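Following: one structure in structure tokens, then a few remarks.
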Amino acid sequence: MTPANQLSKSFTYKSLISKSFKVTGRQVLPGFALSLGISLLFISLVLLLPLSGLLIQTAGMSWADYWAVVTDPRVMASYQVTLLMALGASLLNGLVGLLVAWVLVRYTFPGKRLIDALVDLPFALPTAVAGITLATLFSASGWYGQGLAKLGIQVAYTPLGILIAMLFTSLPFVVRNVQPVMEDLNSGDEEAALSLSAKDWTVFRRVIFPAIWPALVMGVVLSFIRSLGEFGAVIFIAGNMPYLSEVTSLMIFVRLQEFDYAAASAIASVILMASLLLLFAVNVWQTRYLKRLKGN
Amino acid sequence: MSIQIKQISKQFGDFQALKPLNLTINEGELVGLLGPSGSGKTTLLRIIAGLETADQGQILFSGKDVTQLHVRDRKVGFVFQHYALFRHMTVAENVAFGLDVLPKQQRPSKASIKQQVAELLDKVQLSHLASRYPAQLSGGQKQRIALARALAMQPRMLLLDEPFGALDAKVRKELRRWLRNLHDELGFTSVFVTHDQEEALEVSDRVVVMSQGQIEQEATPQDLYQQPASRFVYDFLGGVNVFEGEVCSTAGHSNNRLQQGKAWVAFPDGHKPQAGQLYLRSHELSLSNQPSATAHLPLTIKAVSLIGAEVRVELEPLDWQSPDLWEVVISHSHYNNWQPQRGDTCFAQPQAGQLFTKNKENQPLALNWTKEHLLIKTA
Amino acid sequence: MHQQRIGDQPWLRRLLIGLAFLLVGILLVVPLVAIFAQALSAGLNIFWVNLSDKYTLHAIGLTLLVAALTVPLNLVFGVFLAWLVTRFEFPGRRILMTLIDIPFAVSPVVAGLMYLLLYGSNGWLGSWLMDHDLQLMFAWPGIVMVTVFITCPFVARELIPLMQQQGSSEEEAALSLGASGWQMFRRVTLPNIKCALLYGVVLANARAVGEFGAVSVVSGNIRGETNTLPLHVELLYQDYNLVGAFTSATLLAVLALLTLVVKTFLEWRQQQSAR
């Protein structure tokens, strides 16, 4: 398909939409056609066209080639380390995020606003900067590395370093998902539970936790997705040893530098599908869960 | 300016919000659209304003077709349910908005706008709040500012969506009277939407009762109250007790009775007995310790409440069925003589009511017992 | 007013707050301090020398150019998209809202790769561009393009929930009072969304300036030509010029801190006006 085709396709879709829309009535608020046109044009050019490029490149490979590339032992090792470390990082993030959100919502104390502001640092700080900073801190002569070396723990240039980098870059997800839900919690439920003489821990476990559970899961999954694709922060601290501490994003990069575009896109298609499926699944799950809560 | 609505209908997805309907609102009239939520009253109002487009039908303002006219060009003053005041503008800026956005050649001078805003704020008695922001106002104040803002553009008519819906009872009452006075003073056509029957009956020249996208009845408040056209209207106006019965001629009973078990009501003279539901309003009944010759409706007293000018007695049917508890209003002097207690048994005597027969096509039958009742008493 | 709540025992309170401070300190504050400590470890003079290096200055310029092109583009797109999905009901609306999340889910390296495949010299669009002597990849336009991709959800994502919650009755009121479409937008919509809009712009800007993965795929890392600041940091780091790398990093860190300050201020303003 040529780009012109692609474009004309999006425009017919647009006219289709506005046609079927006309049936239900003329719009009172202005700007429907304009905003629809601009949005579709932008999304087609910026999102869909490149995505289709990747799909076409991958579709050009034979199934056997594709399979050989994506199951190459070195690539398989990269899946393993990426998945494991992302899982570890996002679960740890669940704990840390829950604690920080709880403290920020439930208590007032000096420095609260500062902590609240700092939580977003990993989103604001470029990943490359985070990467070199963490690598330096955890290197054998770094502030953290020295201490940990005495305990016999090596972080930099091991999978553990990958975990640390992922933990840092995805830290805000859980806090920012859980915090607003916790703020909106109806204090009546908590008071009702207390008036029924429930113990504090029971109130948390049976009343508060179920209410924040969807947000917590959402935060953990988003942090997991982010960690799967993390590149900038990871490569500096990981050491990037084949079969041991190479993440999948780096594998794509390596194949690109070998000018093996086909292999790079095959591997990319695997993480792309994994991320999109996961994002889709968690959205569906959350919608259902919330529906059930409201339905009751 | 009169409003003519011809065969207007509207569908949202699968939901038929308005079935094709016709309505004419006369110049200078204050009309209340009354109905439960989902009855289509707000949709109709928004279609008149041009905020919603009808699927079919026509709207005419003073005979001129405005169906295709944009809300911007219809020049209707619309007051939104939750006021829709611009939260980032002061009260004065809000009121001035309709003048500020006029094309340059029509826009009054700054000084003139300022003066008009001052006059409007004066009219709604809120001049002292000109520099406040909407968030700092009470509900009633916001409502009056929203009205002033709509009036500033010198609208051809005023449309109000649940204008008092979000206010507390006392403010509501005040604002209602104020709106009525304002309407009388300005004299332009106004339509307002409400789900509160008391509000509709008190304020409107004419009430349009809606249900499920249709007009159930349009009438003056007085006619509406005296001759509800359907069960729905009767129910919706509230305070109604229902007695459902058959006409039967078992031995020892007269066949002139609406009967349910041992309870019955005799038909007044000159009426053909028919089965159906008898609707009795709470003040169209009296209570006594004994049954009368025209009715035998035993009831147990569940609650007695002294509210203002009257005493409200809640009753439960004794050995017969009714969908809801009965409610009868008696005078304080009757209450003082009688001293009813919870759990006492008493008998209801209807004075007037409407019988809805099983044939739904039929108009309800108005029944009146006053004469017979008097006859028995004197006998 | 004293409320009965759980977790308010003094010991527990102190423990949890202490833990939060400890974690935030270890994970966020110390790394932040380390950046500046490393950059200044060779003294202020070296810091200035590193900062005024010709390649560093070029990297700063290119980064600013990328942000200056990317952010306005995404601002316009974000406003139109948010207006579309919050003010109109139409088939495909939910699909649009899902599509806009894709850049969040896609690894930056994959994003860069997609553009490289399409517009690179081997790509099916790129070979046509080559024939016309247009090089997008391994040049600054490519960097701008991937950055647009990476940052396109930010503004829309900030606006959509807010505009949904605000509803359209104020805009309808403006129209019923005779405002034109542009008057309605400028005088009613824009003032109501300006905080969220600014917030989205700040976030998009931070990301545009700091993007590394996607940019490194399409840039080609030509010193003094296609090197953005984050790529420059990497190059210096690979050259074992730690102090130089951290000097450039401080610029990015300062920008990150500024972002946080603006964000906190905007949130504070929003809370004030909500009250």
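Computed from a predicted structure; not experimentally measured. Chain letters run A, B, ... following the sequence lines, proteins first and then strands; every chain starts at 1.
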For K19(B), look at atom NZ and say whether over 12 heavy atoms of other residues, nucleotides or ligands are found less than 6.0 Å away.
yes

Under the criterion side-chain contact (heavy atoms from CB on, under 4.5 Å), I'd like the reasoning laid out for H88(B) against K194(C): C-alpha separation, chi angles, the key distance, then a yes or no.
CA-CA 11 Å; H88(B) 59 284; K194(C) 65 170 188 253; 5.7 Å; no

I need the S176(C) OG to K75(B) NZ distance, nearest 0.5 Å.
10.5 Å

Interface moiety of D100(B) toward chain C, non-hydrogen atoms closer than 4.5 Å:
both

Test item: L177(C) and F78(B) side chains (from C-beta on) under 4.5 Å apart, heavy atoms:
no

Where on F86(B) is there a heavy atom nearer than 4.5 Å to chain C: the side chain, the backbone, both, or neither?
both

Enclosure of E119(B) CD (heavy-atom neighbours >12, cutoff 6.0 Å):
yes

CZ (R72(B)) and CE (M184(C)) are apart, to the nearest 0.5 Å, by 8.0 Å

What part of L85(B) is in contact with chain C, defined as an atom under 4.5 angstrom from a non-hydrogen atom: side chain, backbone, both or neither?
backbone

Which residue in the set H82(B), R87(B), M89(B) passes side-chain contact (heavy atoms from CB on, under 4.5 Å) when paired with E170(C)?
R87(B)

Nearest 0.5 Å, please: how far is OG in S180(C) from CG in L102(B)?
11.0 Å

Tell me if the CZ atom of R14(C) is crowded by more than 12 foreign heavy atoms within 6.0 Å.
no

Step by step, work out the side-chain contact (heavy atoms from CB on, under 4.5 Å) result for E172(C) and V71(B).
CA-CA 9 Å; E172(C) 288 176 349; V71(B) 52; over 6 Å; no

Part of R149(B) lying under 4.5 Å from any heavy atom of chain C
both

More than 12 heavy atoms of other residues, nucleotides or ligands under 6.0 Å from CD of Q136(B): is that the case?
yes

Does Q212(B), at its CD atom, have more than 12 non-hydrogen atoms belonging to other residues, nucleotides or ligands within less than 6.0 Å?
no

